[in-house]
Each structure stands twice: as structure tokens, then as C-alpha cells.
Amino acid sequence: MPDQVGTAIPDSHGAAPVELEPGDSVCRAVARIAAVLRDHLTANLPVAIDGRNVEGVHQVRVALRRFRALVALLRRDYPCATLDEAAARARRLARAVGDARDWDVFLLETLPGLSPLGRMGVNVAGMLLPLAAARRDAAYDGVRQILGGEDARWVLRLVNRLAEGELWDEARSPAGLKALEEPAGAFAVRHLARLHRKVLRKGRGFTLLTPPQRHEVRLALKRLRYAAEFFVTLHAPGHAGRRYLHRLAAMQAALGMDSDVLTTRLLLERFGDAADGEIRYVLGAVTGFLCCRQDATHENAHRRWRKFRRTAVFWAR
């Protein structure tokens, strides 16, 4: 096989947070955050398009999630057509990249994790590997097409403009510019407090939540985590915010099985066109196995939830 194109660059979670300064305005903070996103996205796009290093698609997916999180924050305070378009285009890119990543995870992690079924005589790999590989290849064809298309170019242009301090068109009005001169610290506190409250609200009565409800908690945790990573250096430079971010990430990971089971079940449904009797048997066995594994994670998730709820928020220091 020829050498892979480039090397995937990991995201900045924990290792290289966005360096903001206490005197930054929202405008300046957006530029600093966008510069990190731009570097992360542009480094991994060629790797994702090449397709032979699965980490490329994963990192582009993370970069797009972080970009969408930033846009979502800005749209709440500065709604405009450009940010609406950015959200729509990034969502289309994320959908295609996410599909490819889901099949990668299924082939590289989910199927090997189902090996106990094989020891019980269920031919999981033999039945599902060829079907999944074909769908993964089709998903990567879609990735190459959309990442080489206008949506990706448009998003890259906007990210680059933001990184260079060039605002979206609607923000160039005197009123828009004045609003963006708000201290970034105040902007961060407002949004972090809102997202934190949302997580607590969705997680109320945690032990009684259904799997889909726990999945909603995980999505809310993810949005909070991106925002916290954007702004942690404003309110908790050095190690002061590490405990909060660590427990936030641990809570998100503890709910990962809910997400994995939900995603796997959606992928399995796409085998329906090829589902003869034997395949239907395998799909049923896999679904039951994953649900049992999911049930086994509840105690750990509840323990993590109690710790997270007791953790002081870093922006109130």
C-alpha cells in the first residue's frame, strides 16, 4: 500500500487549550479560538480525504463539532444569516464525516468487542464484516466528495476570516461591533452557566432516566465540554479548571455506552435490505448483547454523575 497522506493531528483537548487573556473581548476571543480550529481542521482534511488513516476522519469530525459549538454560542447572542449558513454547512459536513466514523468504530471497535458471541457460535464477523465494510467504503466516497466540495471550502473561508479577526458581514455594523466588544469573560460566564444548568436539568432523577434520556445528557455534556475548553484559561489558568474538566470528561465517557449502543442499533437497521434469516438471528444476538453490556454501566455512570454534580464550577471562582 502506498504511504498514507500526512499524519492526523489530535485535537486540543487538555493538551493545548485555547490561550485567552483576561482583557480579551468576544471578538478577540473568537479569533483566538478560530485559529486553533483552523489549524486543527486544515491539518486533518487531507488525511480524511485520503481515507487510509481513520484518525483523519475522526479528527475532522472533532474539529467540526468544535466549530459548530462555537457557532452555536455566537448565534444565541448575535443571530444572523452568515452564522445560520455556517451552522447548516457544517452540519452537512459533519453528517457525512460522522457516517464514515461510525462505520470505522463499528469495524475497529464494536465487532472485535462482540467476540464473546463468536465463542457461543454466533457468526458475527462472518455475517456482518462484509456488509459493514461495503457501507464503510461508500461512506468514505461521500467524505471525499463533500470535503472536496463547496461546503468545506465555504467553512474554511469563514474559519480563516474569523481567525484573522475578520468578522462575518452582519457584525460589521456599528451596533454589531459594539456588541462584540463585550468582555469575553462575561460572555463565557453567561454561556457556561446556561449550559451547566441544562446538563443538571436533563440529568435530574438520573437513576430513572431511560437510555435515550441519558444520551441527551451526554449530548448536553459534550456541548458544555467544548465551551468549557474554549474559555477555561480565562477563568482558571493553569491547573485550576482541571478538576472540573476531568469530571466533565469522565461523566461523558461513562455515558459512552449509551451512545455506542444507539449508534450501533441505527447501523444494524441499515442491514435490513440484506437481512435473511441467519443475519436477522445475528442482529438480534448483537442487540441483546449490547443492551446487557449497557445495563452493566449504569452503576458507574451514576457514581460519576454524583461526583460531577458536586464539582465546583471554575468560572465562579
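Numbering of residues begins at 1 and proceeds along the displayed sequence. Keep in mind that this is a model prediction, so the values were computed, not measured.
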Strictly below 4.0 Å, N to O, side chains only: are E21 and R28 in salt-bridge contact? no
As an exercise, state the distance from CZ of R65 to CZ of R225, rounded to the nearest 0.5 Å. 10.5 Å
Can you name the ring pair (Phe, Tyr, Trp, His ring centres under 6.0 Å) partners of H196, sequence neighbours left out? Y244, F308, W315
So do F314 and R243 actually touch side chain to side chain, heavy atoms under 4.5 Å? no
List in chain and number order the residues that pass side chain to side chain contact (heavy atoms under 4.5 Å, CB included) with A171, two or more places apart in sequence or in another chain; answer none if no residue qualifies. L167, W168, L180
Output a table of donor-acceptor pairs, distance under 3.5 Å, between side-chain atoms of residues 115-124 and any protein atom two or more places apart or on a different chain; print 'none' if there are none.
| from | atom 1 | to | atom 2 | distance (Å) |
| --- | --- | --- | --- | --- |
| S115 | OG | P112 | O | 3.3 |
| N123 | OD1 | G126 | N | 3.1 |

Close side-chain approach of Q59 to V47, heavy-atom, < 4.5 Å: no
Search all heavy atoms of A34 against all heavy atoms of A163 and return the closest pair with its distance. CB-N, 3.6 Å
Listed once per pair and sorted, the side chain to side chain donor-acceptor pair (under 3.5 Å) pairs that draw on residues 82-91, sequence neighbours left out: R75-D84, T82-E170, E85-R89, R89-D151
Can you tell me how far apart CZ (R95) and CG (L64) are? Round to the nearest 0.5 Å. 12.0 Å
If you look only at pairs with a residue in residues 199-211, which of them pass as a side chain to side chain donor-acceptor pair (under 3.5 Å), with sequence neighbours excluded? T210-Q213
What are the two closest heavy atoms between A125 and P130, and how far apart are they? O-CD, 3.8 Å
Heavy atoms from other residues, nucleotides or ligands near CZ of R76 exceed 12 (cutoff 6.0 Å): no
Nearest 0.5 Å, please: how far is CG in L147 from CG in L41? 8.5 Å
I need the Y281 OH to M127 CE distance, nearest 0.5 Å. 12.5 Å
Shared hydrophobic cluster for M257 and V105 (ILVMFWY, side-chain gaps under 4.5 Å): no
Nearest 0.5 angstrom please: E109 CD to T264 OG1, how far? 10.0 Å
Once side chain to side chain contact (heavy atoms under 4.5 Å, CB included) is applied, do any residues pair with T263, and if so which ones, sequence neighbours excluded? D102, S259, L267
Backbone N/O of W103 and side chain of R136: donor-acceptor pair under 3.5 Å: no
Please enumerate all residues that pass ring pair (Phe, Tyr, Trp, His ring centres under 6.0 Å) together with F206, with sequence neighbours excluded. W305
Check: V18 main-chain N/O paired with T233 side-chain donor or acceptor under 3.5 Å: yes
Indicate if M251 and L262 have the same hydrophobic cluster label, given that clusters are the connected sets of ILVMFWY residues with side-chain heavy-atom separations under 4.5 angstrom. no
With hydrophobic residues grouped by side-chain heavy-atom distances under 4.5 Å, do L195 and Y78 end up in a single group? yes
Suppose we screen for salt bridge (Lys or Arg N to Asp or Glu O under 4.0 Å). Which residues come up paired with E164, at least two apart in sequence or across chains? R38
Once side chain to side chain contact (heavy atoms under 4.5 Å, CB included) is applied, do any residues pair with R144, and if so which ones, sequence neighbours excluded? I49, Y140, D141
Could you tell me which residues satisfy ring pair (Phe, Tyr, Trp, His ring centres under 6.0 Å) with F289, sequence neighbours excluded, listed by chain and number? none
Side-chain heavy atoms of S25 within contact of E182, under 4.5 Å: no
List in chain and number order the residues that pass side chain to side chain contact (heavy atoms under 4.5 Å, CB included) with A86, two or more places apart in sequence or in another chain; answer none if no residue qualifies. F67, V71, W154, L158
Is any side-chain heavy atom of D24 closer than 4.5 Å to a side-chain heavy atom of E19? no
According to the salt bridge (charged side-chain N to carboxylate O under 4.0 Å, His left out) rule, which pairs have a member within residues 254-266, sequence neighbours left out? R214-D258
Of the non-hydrogen atoms in A254 and A301, which two are nearest, and what is the gap between them? CB-CA, 3.9 Å
Within-4.5 Å side-chain heavy-atom neighbours: V143 and V60: no
Apply side chain to side chain contact (heavy atoms under 4.5 Å, CB included) to L37 and H40, showing your working. CA-CA 5 Å; L37 298 181; H40 185 203; 5.6 Å; no
Check: L248 and L221 side chains under 4.5 Å, non-hydrogen atoms: yes
Taking all atoms of both residues into account, what is the closest heavy-atom pair of D99 and A139, and its distance? OD2-CB, 3.6 Å
Mark yes when over 12 heavy atoms from residues, nucleotides or ligands other than H246 sit less than 6.0 Å from its NE2; otherwise mark no. no
Are F187 and H191 an aromatic pair by the rule of ring centers under 6.0 Å? yes
Mind listing the closest non-hydrogen atom pair of I146 and A96 along with its distance? CG2-CB, 3.6 Å
Side chain to side chain contact (heavy atoms under 4.5 Å, CB included), that's the test. Do F231 and L73 meet it? Break it down for me. CA-CA 12 Å; F231 297 112; L73 293 176; 3.9 Å; yes
With heavy-atom distances below 4.5 Å as the criterion, would you say the side chains of L255 and H215 are in contact? no
Does one hydrophobic cluster hold both V189 and L234, with members joined at side-chain heavy-atom distances below 4.5 Å? yes
If you count every heavy atom of other residues, nucleotides or ligands that lies below 6.0 Å from R309 atom CZ, does the total exceed 12? no
Strictly distance-based, threshold 3.5 Å: is any side-chain N or O of N160 a donor or acceptor partner for the main-chain N or O of L156? no
Considering only NZ, NE, NH1 and NH2 on the basic side and carboxylate oxygens on the acidic side, decide whether R157 and E150 come within less than 4.0 Å. yes
Chi angles and distances behind the side chain to side chain contact (heavy atoms under 4.5 Å, CB included) call for L245, E229: CA-CA 8 Å; L245 288 175; E229 288 171 340; 4.2 Å; yes
Is L283 reachable from L107 through a run of hydrophobic residues whose side-chain heavy atoms are each under 4.5 Å from the next? yes
Correct closest heavy-atom pair for G148 and R153 would be O-NH1, 2.8 Å
Please report the interatomic distance SG(C27) to CD(E166), rounded to the nearest 0.5 Å. 10.5 Å
Could you go through R190 and D77, starting from their C-alpha distance and side-chain angles, then the distance that decides it, and tell me whether this counts as salt bridge (Lys or Arg N to Asp or Glu O under 4.0 Å)? CA-CA 10 Å; R190 184 167 64 252; D77 284 11; 2.4 Å; yes
How far apart are the C-alpha atoms of R247 and R304, what are their side-chain angles, what is the distance that settles it, and do they pass the side chain to side chain contact (heavy atoms under 4.5 Å, CB included) test? CA-CA 7 Å; R247 289 193 172 178; R304 296 286 187 181; over 6 Å; no
